[in-house]
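Only one structure is covered here, and it is reproduced in the block below.
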Amino acid sequence: MRISKLFGKTQREAPAEAETVSHQLLLKAGMIHQVAAGIYSYLPLGWRVLKKIGNLIRGEMDRAGGQELIMPVLQPLELWQETGRDLAFGKGLFTLSDRRERKLVLGPTHEEVITELAKYNVQSYRDLPLLLYQIQTKFRDEPRPRGGLIRVREFTMKDLYSFDTDEEGLNQSYDKMLQAYKNIFDRCGLPTLLVEADSGAIGGKASHEFMAVNESGEDEIIYCDQCHYAANLERAESVKGKLEAEKLRPREEVATPDVGSIEEVADFLKIPQSHTLKAVFYIADGKLVFVVIRGDIGVNEIKLKNALGCIDLRLATEAEVINAGLVPGAASAVGIKGIKVIADDSITSGGNFVAGANKADTHFKNVNYPRDFKADLVTDIAQARAGDECPRCGAKLSSMRGIEVGHVFKLGTFLSEKLGALFIDQSGASHPIIMGCYGIGLDRLMAAVIELNHDDKGILWPFSIAPYHVYLCPLYQESSEVEAAVEKVYSELEAEGLEVLFDDRKESPGVKFNDADLLGIPLRVTISPRTLAKNSAEIKKRSEKESELVPLEKLTEKLKELISN
RNA sequence: CGGGGUGUAGCGCAGGGGGUAGCGCGCAUGGUUUGGGACCAUGAGGUCGGCGGUUCAAAUCCGCCCACCCCGACCA
C-alpha cells in the first residue's frame, strides 16, 4: 500500500478529548474516528488491525473445535422477556419498534438467540458437545462510554457458546476455552491475568476474566502475591480481621449529639471503627433492605445483589429511609420489624459494638448479635481491600487495575430451561442442555494491546496483528537513484506477498520516521542515497534502537526471516 | 443520574471591559533545502455548539438547551 493513496492521515497533535494512551495513539495514527460518544469508525489501518485480531481469534476457536456462524443484530424483545434478561440489562438494552409497533432490541449479546437456535438443532446427546461462535457487532447503551475503545456502545465481540450433556463436559469445554484464550492473548503480545469474576447479568456459576493489567482499566483486581489468588473486586473475598471474642456486657444508651457517620461516632466515643456497626439502606427491586456491616468495612453491592437475588439495587434516599420509620445517622437493626435485614458475617466476631439506637442523637453501646437483633440472612457482602488478608493463605492482599479483555462463564441450564433447549439422553430422558459462554471484546483488546505496547513515539504492534509488517521508507527519492531502487524493492516485496506500507510521499526524513514510529509497523526499511552508495537498505526494528544495513539482493530474504520468527 | 471541565478553521490553541476573528500545525501553489516533525513567499479555509434575550451593535453580557471529556454511580 502506498501511503500517498492511503485513506486516513496521521495527526501531529492528538485531539484534546483523548485521555488514555491507546485513545490518543489510535486517533493520532488515523486508525479510528469518533462519530459520537462510544461510537467509532475504523479507518483502513485500524480496520486491518481489527480484522487481524478477528482472524487470529478465528484460528484458535476453530482449532478448539468451534464452528463459526452469524446471528442477527435485530432481535425480538419477547425473546429477552422469556428469559427475564430484558430486566437484568435494563436501560443498557437499546430498544426500538418496527412499523407495526413490534418491539425489537439491538442485541447486546446473543445467548438467547443461540439457545433458541440450539433448541431446533439439537435433539439428542449425539448432537453434543457443541461449540458455536460468532464475531459480530453488539450494542449496549452504556451509562458512560470511556477511554476510546475501552468502553464503547457499539462494539465487536467474539462469543463462543458451549453446549454439553453434563458438568464434566462443561468443564472440558471451559478448559478448552481457557487454553484458547491464553493462546490468543499470548499471540497478541498481551500479558493477561486470569481472575475470578462475578457472572453479572448473564447468571451462571463459575466465571473468570482475563485482565490486561493497566492503570487505564476500569476494573479493580484484588490479588495475593503469595498464593496467586486473584479476583475482580466485584467478587473478591478477604479475611476481615477477626476480633477477639468479648464477654457480653449489658446494652446501654449513650447520647451522641450531632454525630451521624461512623467516623464521627468512633471519634466521639473514642473507639475504633471496627467496634461499630454500620447500617446501610438499599432499595432492592422496589423494597427497602436493611444492611448491617461492621463499621470499618464497605458493602460490596454486587455481593449484596447476588445474596438478595434481586435485579435492581440502589442506595435508598434519605426520604425513603425516613418513610420506613428509620432514623438516618442513628439506625440499627435492634428492635427493627417488618424490614428485611441482611448482615455481613463480620458482625459475628468480636462483640459489644456501638450501633444506632433508632432515636435521634442516640446510640447503643454493647450491641451483640444475635442477642440484641436478628438478621434474615448473614453472609459475606463485604468489599475486600488491599491490605486485608488473603482468604486462601493469609498473606496481605494488594490491588491493581485491569482492562477486562475476556470473560468466560459456566452458564449451566438457566437459559436452556427457560427457552426449552433440551436433549434426550441414552435412556430416553429429556434434560436441559448445559451451557457455557466465552467472550472477547475485539475493540477493547486492540486498545489494551496499545496500552501495553507503546513508547513515547507511538505504537509497537506485534507482527501478529500489525496493520503492515514493513514500512518501506525512501528518503530523497525525487532527486536521485532512490526512486527507481525503491520502486523495484516495493514490487519485489509485494510479489513475495509481504505486507508493505510504502511511504512514497515527498516528505522529509523526520516526518517519515515519526509516522513509521507512530503507526507502529514492526520493521522499517530505509533506502536513501546513503544506503544505495553501499548497494544496501537499512532495516530497523520498531522495538529496537539499532539498525542494520542489508545488501539489496538479500533484503527480501532477510525480511521474510524476520517476519516468520 | 450526581460532581467537575470543555465547545472559536481539519488538529492544537489565543481572543472575550461589546464594534463582525487571530496564531501555530496541517492543506494548496512556487522556490530553496536534504538522515529524526526544514525554510521563504503567496493563498484557500470560520453558522465563534444551538436557540432565545439585552443592545444601534454579541464570539464577548444574560437565560435555556445540546454535544463531548474526566471522576463517581452503573456496566457481558
Side-chain angles (χ1 to χ4, degrees), chain A residues 8-20 23-24 27-28 30 33-39 85 88-93 107-112 138-148 150-153 155 157-161 197-204 207-210 216 218-219 232 234 282 301-302 305 312-315 317 404-409 411 415 436-441 444 456-458 473-480 482 505-518 524 526-533 538 540 545 547 549:
Chain A
K9 287 188 162 61
T10 58
Q11 221 71 52
R12 289 212 180 177
E13 288 176 279
E17 72 203 30
E19 190 104 336
T20 55
H23 193 195
Q24 284 173 356
L27 290 170
K28 212 175 160 205
H33 176 81
Q34 179 164 359
V35 175
I39 303 178
R85 290 214 302 157
F89 271 102
K91 287 186 177 156
L93 210 51
T109 179
H110 287 76
E111 281 86 30
E112 274 74 3
K138 310 200 178 194
F139 296 83
R140 287 185 197 165
D141 195 358
E142 294 293 347
R144 176 147 96 86
R146 73 182 107 187
I150 290 175
R151 180 155 224 96
V152 289
R153 294 191 291 173
F155 53 98
M157 182 92 183
K158 187 285 302 180
D159 258 322
L160 181 140
Y161 310 91
D198 179 71
S199 44
I202 210 163
S207 170
H208 288 89
E209 288 165 338
F210 284 83
S216 51
E218 310 178 280
D219 290 284
N232 191 308
E234 292 175 355
Y282 286 92
E301 296 187 2
I302 306 279
K305 200 171 172 178
D312 186 52
L313 183 75
R314 62 172 173 84
L315 277 172
T317 62
E404 177 194 342
V405 288
H407 198 161
V408 296
F409 302 82
L411 287 177
L415 291 159
C437 98
Y438 315 85
I440 293 179
R444 181 185 279 195
D456 57 341
K457 289 287 192 179
C473 190
L475 304 181
Y476 319 120
Q477 69 268 42
E478 57 282 72
S479 59
S480 63
V482 174
R505 297 171 302 173
K506 316 267 186 283
E507 287 288 352
S508 70
V511 170
K512 292 185 174 187
F513 291 158
N514 277 296
D515 275 347
D517 289 346
L518 174 62
R524 189 184 78 197
T526 307
I527 297 181
S528 69
R530 199 193 282 181
T531 68
L532 284 184
E538 176 197 275
K540 181 185 167 298
K545 274 212 164 77
S547 57
L549 273 183

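Atom set for the values below is all heavy atoms of this structure, side chains included, hydrogens, waters and symmetry mates excluded. Bear in mind that the values here come from a model prediction, so they are computed numbers and not experimental data. Letters go in sequence order (proteins before strands), and every chain restarts at 1.
Using a 4.0 Å heavy-atom cutoff across all strands shown, A/P509 reaches sugar-phosphate atoms only and no base atom. Heavy atoms of A/T10 sit nowhere under 4.0 angstrom from any nucleic acid atom. Counting non-hydrogen atoms under 4.0 angstrom, A/D517 reaches a base of the nucleic acid. In this structure, A/K305 reaches the sugar-phosphate backbone alone: every heavy-atom distance under 4.0 Å involves primed, P, OP1 or OP2 atoms, never a base. The residue A/F155 sits close to a base: some heavy atom pair falls under 4.0 Å. When heavy atoms are screened at a 4.0 angstrom cut-off, A/R444 is found touching no nucleic acid atom at all. Counting any heavy atom pair closer than 4.0 Å across all strands shown, A/A14 reaches sugar-phosphate atoms only and no base atom. Within the 4.0 angstrom heavy-atom criterion, only backbone atoms of the sugar-phosphate kind lie near A/G147; the bases stay farther away. Heavy atoms of A/E301 sit under 4.0 angstrom from primed sugar atoms or phosphate atoms, though from no base atom.
Checking the phosphate oxygens (OP1, OP2) of B/U34, no side-chain nitrogen or oxygen of A/S508 falls inside 4.0 Å. A sub-4.0 Å separation between OP1 or OP2 of B/C69 and a side-chain N or O of A/Q34 is present. Regarding contacts with the backbone of B/C1, every side-chain N or O of A/R144 stays at 4.0 angstrom or more from both OP1 and OP2.
We find that CD of A/Q24 is positioned 11 Å from P of B/C70, with the value rounded to whole Å. Regarding A/K91, its NZ atom lies at a distance of 11 Å from the C1' atom of B/C74, rounded to whole Å. Rounded to whole Å, atom P of B/G31 lies 15 Å from atom NZ of A/K506. Atom-to-atom, CZ of A/R505 to C1' of B/C27 comes out at 14 Å; the value is rounded to the nearest Å. Distance CD1 (A/I39) to P (B/C69): 10 Å, rounded to an integer number of Å. Put simply, CD on A/Q11 is 8 Å from P on B/G12, counting in whole angstrom units. We find that CG of A/L475 is positioned 18 Å from P of B/U33, with the value rounded to whole Å. Here the C1' atom of nucleotide B/C74 and the CD atom of A/E142 are 8 Å apart, to the nearest Å.
Listed nucleotides B/C11, B/C69, B/G36 differ in distance to A/K457; the shortest reach to its side chain belongs to B/G36. Proximity note for A/E17 (side chain, C-beta onward) versus B/G37, B/C69, B/G35: the nearest is B/C69. The side chain of A/R12 approaches B/G37 more closely than any other nucleotide in the set B/G37, B/C11, B/G35. With B/C75, B/C11, B/G37 as the candidates, the nucleotide lying closest to the side chain of A/E13 is B/C11. Nearest to the side chain of A/N514, among B/G36, B/C75, B/U34, sits B/G36. When distances run from any side-chain atom of A/R530 to the nucleotides B/G36, B/C68, B/G35, the shortest one goes to B/G35. Closest to the side chain of A/I302, out of B/C75, B/C70, B/G37, is B/C75.
Here, B/G15 and B/G19 have their P atoms 15 Å apart, quoted to the whole Å. Nucleotides B/A59 and B/C51, compared at atom C1', are 16 Å apart to the nearest Å. One P atom belongs to B/U54, the other to B/A9, and the distance between them is 29 Å to the nearest Å. Nucleotides B/C75 and B/C13, compared at atom P, are 34 Å apart to the nearest Å. Only the P atoms considered, B/U55 is 23 Å distant from B/G50, to the nearest whole Å. Comparing B/A67 with B/A21, their C1' atoms are spaced 23 Å from each other, to the whole Å. Annotation: B/G37 and B/C25 have their P atoms spaced 15 Å apart (nearest Å). Between the P atoms of B/U6 and B/A14, the separation comes to 10 Å (whole Å).
Within the 4.5 Å cutoff, no side-chain heavy atoms of A/P15 are placed close to those of A/H23. The shortest side-chain heavy-atom distance between A/L313 and A/E301 falls under the 4.5 Å cut-off.
Residues A/N514 and A/K457 approach most closely at OD1-NZ, 3.0 Å, considering heavy atoms. Of all heavy-atom pairs spanning A/A18 and A/Q24, the tightest one is O-NE2, 3.1 Å. The two residues A/C473 and A/K512 make their nearest non-hydrogen contact at SG-CB, 3.7 Å. Of all the heavy atoms in A/C437 and A/L411, the pair that sits closest is CB-CD1, 3.9 Å. Contact between A/P529 and A/L475 at its shortest, heavy atoms only, is CD-O, 3.6 Å.
Looking at which nucleotide of RNA chain B each of A/D159 and A/E507 is closest to, the 5′-most match is held by A/E507. Take the nearest nucleotide of RNA chain B for A/T20 and for A/E234: the residue whose nucleotide is more 5' is A/T20.
Both the sub-6.0 Å distance and the 45° axial angle are satisfied by A/R524 relative to the ring of A/F513.
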Completion exercise
Note, RNA chain B 5' to 3' with Watson-Crick or G-U pairs under 3.5 Å encoded as ( ), [ ], | and . gives (((((((..((((.....[..)))).((((((.....)))))).....(((((..]....))))))))))))....

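Judged by distance alone with a 3.5 Å cut-off, a donor-acceptor contact links the side chain of A/R151 to the base of B/C75.
Remark: of the listed residues A/K138, A/H110, A/H407, A/K138 is the sole one forming a side-chain hydrogen bond (donor to acceptor under 3.5 Å, both in side chains) with A/D159.
Dense packing is recorded around NZ of A/K506, with more than 12 heavy atoms of other residues, nucleotides or ligands lying under 6.0 Å away.
Remark: A/E142 engages A/R151 in a salt bridge, criterion side-chain N to carboxylate O under 4.0 Å.
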